[in-house]
Amino acid sequence: MRIERLFNILLYLLNHQKVTAAQLSEVFQVSKRTIYRDIDTLSSSGVPLFTVLGVNGGIQLMENYRLNRFTFSEAEKNILIQSLNTQHTLIETDKATELVYKINLLQEGEQTSAFQVNFTEATLHRGSIERDVQNKLSAIQTAMSVGEKIQINYIAGDGTTTKRIVQPLELLLKDGSWYLSAYCELRKSQRLFKLTRIRSFEHLPLKNDYLSKDDLMVETPNLTTIELQFEKNQLGKLYDYFLEKEMSLCDTCINVRFKYDSRKNILPFLLMFGSNVKVIAPIALKNSYQDEVKKMNES
DNA sequence: TGTGCTAATCCCAGGAGACA
DNA sequence: TGTCTCCTGGGATTAGCACA
């Protein structure tokens with residue numbers, strides 16, 4: 001009870017320039033004598049309090065203590081609000097909404113900074129699918145916050161369904177889709193799971209076998225040099241994916257040379273360009289790309 | 001300089017909870 | 001059940017400051 005009052009007196013002092021002992025005794029429903037004892041306790045605990053005698057006197061905190069420890073500058077508040085708004089736009093959470101509300105209350109005077117970064121259709125999903133994804137995001141965040149594992153039914157790209165127990169590590173918004181980076185007990189390694197392909201999941205009871213990030217093996221990418229040739233009219237689109245130094249322009253085409261993790265399937269990316277791309281190297285990729293195109297023609 | 005206001009301090013006492 | 005500790009409150013007094 002007393003500890004709680006001490007803390008509340010400190011908060012009260014932080015929110016008021018100067019208060020009298022009588023005022024504090026009225027607010028906290030204790031005698032002035034008790035308030036003086038509390039002030040003495042706070043002071044001996046290192047809180048820089050000082051009192052002013054006489055008319056207009058009272059108890060107040062050192063200004064530096066107020067500014068350095070317990071307040072944010074307007075610029076810092078704006079950064080916090082922008083960050084929270086960003087998270088709230090991408091992943092709807094009640095907590096983020098509540099925090100934005102509270103920090104807005106802290107802003108002095110009229111708010112001048114409108115939210116300057118907007119996420120309109122951040123993913124490629126249809127609205128109804130996006131709502132389903134938001135529910136999964138929220139459930140996974142809950143699991144991560146309490147250190148729970150989850151059991152998922154996952155449909156791989158080739159259509160095979162597997163039941164897996166995973167330890168969620170991180171949520172990623174990548175190429176217009178949400179992914180869960182998690183340690184998979186079935187594969188005994190870290191894997192990426194696309195949220196739209198997680199068809200069902202359930203929380204598992206807490207155990208003591210939760211691995212820290214440091215305990216997990218980070219897989220090193222197996223980089224291969226890939227050479228592609230694009231039609232010149234694809235230049236604008238190419239800036240979405242490649243660095244200027246990776247592209248070289250000739251009279252009729254654009255050559256692109258870049259490093260890519262060979263364990264990842266690049267064919268869907270290449271097919272996005274239709275007939276406007278040719279695979280130059282490596283030969284294995286060139287052959288698989290041609291096989292894929294042949295299959296599409298046959299179907 | 002006197003008055004009023006407020007902080008600060010001292011002394012005493014009572015209530016509640018822990019403990020032997 | 002008695003003792004101890006902690007917390008609290010009340011009253012009296014002192015001291016500093018502002019103001020008429």
Side-chain angles (χ1 to χ4, degrees), chain A residues 1-85 87-88 91-114 138-150 167-168 202-215:
Chain A
M1 188 66 184
R2 186 168 186 235
I3 295 293
E4 189 181 340
R5 192 180 61 242
L6 287 170
F7 184 69
N8 286 331
I9 288 174
L10 184 55
L11 287 179
Y12 195 89
L13 288 168
L14 283 164
N15 286 316
H16 296 78
Q17 287 296 313
K18 190 193 292 172
V19 288
T20 64
Q23 197 178 340
L24 287 173
S25 70
E26 176 71 24
V27 170
F28 296 102
Q29 292 293 298
V30 289
S31 68
K32 285 199 288 182
R33 180 70 191 90
T34 300
I35 292 296
Y36 283 127
R37 271 192 283 255
D38 289 345
I39 294 299
D40 190 44
T41 305
L42 286 172
S43 188
S44 56
S45 302
V47 178
L49 287 157
F50 69 95
T51 55
V52 179
L53 293 174
V55 179
N56 298 322
I59 305 156
Q60 60 189 103
L61 285 166
M62 296 286 286
E63 194 62 20
N64 286 347
Y65 186 74
R66 188 189 305 277
L67 290 173
N68 292 346
R69 302 287 181 87
F70 287 95
T71 61
F72 297 105
S73 68
E74 288 305 296
E76 286 168 337
K77 285 177 203 167
N78 279 332
I79 290 169
L80 275 172
I81 290 170
Q82 301 271 349
S83 304
L84 286 165
N85 273 328
Q87 183 186 339
H88 184 57
I91 310 172
E92 284 186 38
T93 60
D94 293 341
K95 282 292 167 204
T97 314
E98 196 179 314
L99 266 175
V100 169
Y101 173 72
K102 284 180 180 173
I103 292 175
N104 273 326
L105 288 180
L106 290 175
Q107 284 197 302
E108 289 161 6
E110 198 176 335
Q111 265 186 260
T112 52
S113 62
S138 181
I140 291 167
Q141 274 197 316
T142 304
M144 283 195 285
S145 64
V146 295
E148 272 183 348
K149 291 181 181 179
I150 53 175
Q167 175 183 322
E202 60 180 289
H203 295 260
L204 296 178
L206 286 171
K207 288 183 183 173
N208 289 329
D209 58 345
Y210 204 85
L211 301 169
S212 73
K213 267 189 174 179
D214 295 338
D215 296 331

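Below, read A as the first sequence line, B as the second, and so on, with proteins coming before strands; counting in each chain starts at 1.
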Minimum heavy-atom separation for S31(A) to S25(A), with atom names? C-CB, 3.8 Å
Got I9(A) and I39(A) here, is their nearest side-chain heavy-atom distance under 4.5 Å? yes
Would you mind reading off the distance between I35(A) atom CD1 and dG10(C) atom C1', rounded to a whole angstrom? 15 Å
Without decimals, in angstroms, what is the distance between I9(A) CD1 and dT8(C) P? 9 Å
Give a yes/no on whether any side-chain N or O of S31(A) is located under 4.0 angstrom from OP1 or OP2 of dT8(C). no
Where is the tightest heavy-atom contact between P168(A) and E148(A), given as atom of each residue plus distance? CD-O, 3.4 Å
Provide a list of protein-nucleic acid N or O atom pairs under 3.5 angstrom, restricted to nucleotides 10-14 of chain B.
| from | atom 1 | to | atom 2 | distance (Å) |
| --- | --- | --- | --- | --- |
| dC10(B) | N4 | R33(A) | NE | 3.2 |

When you check the phosphate oxygens OP1 and OP2 of dT9(B), does a side-chain N or O of Y36(A) lie under 4.0 Å from one of them? no
Whole-Å distance between dG11(C) P and K32(A) NZ? 11 Å
Measuring from K32(A):NZ to D38(A):CG, what's the distance to the nearest 0.5 Å? 15.0 Å
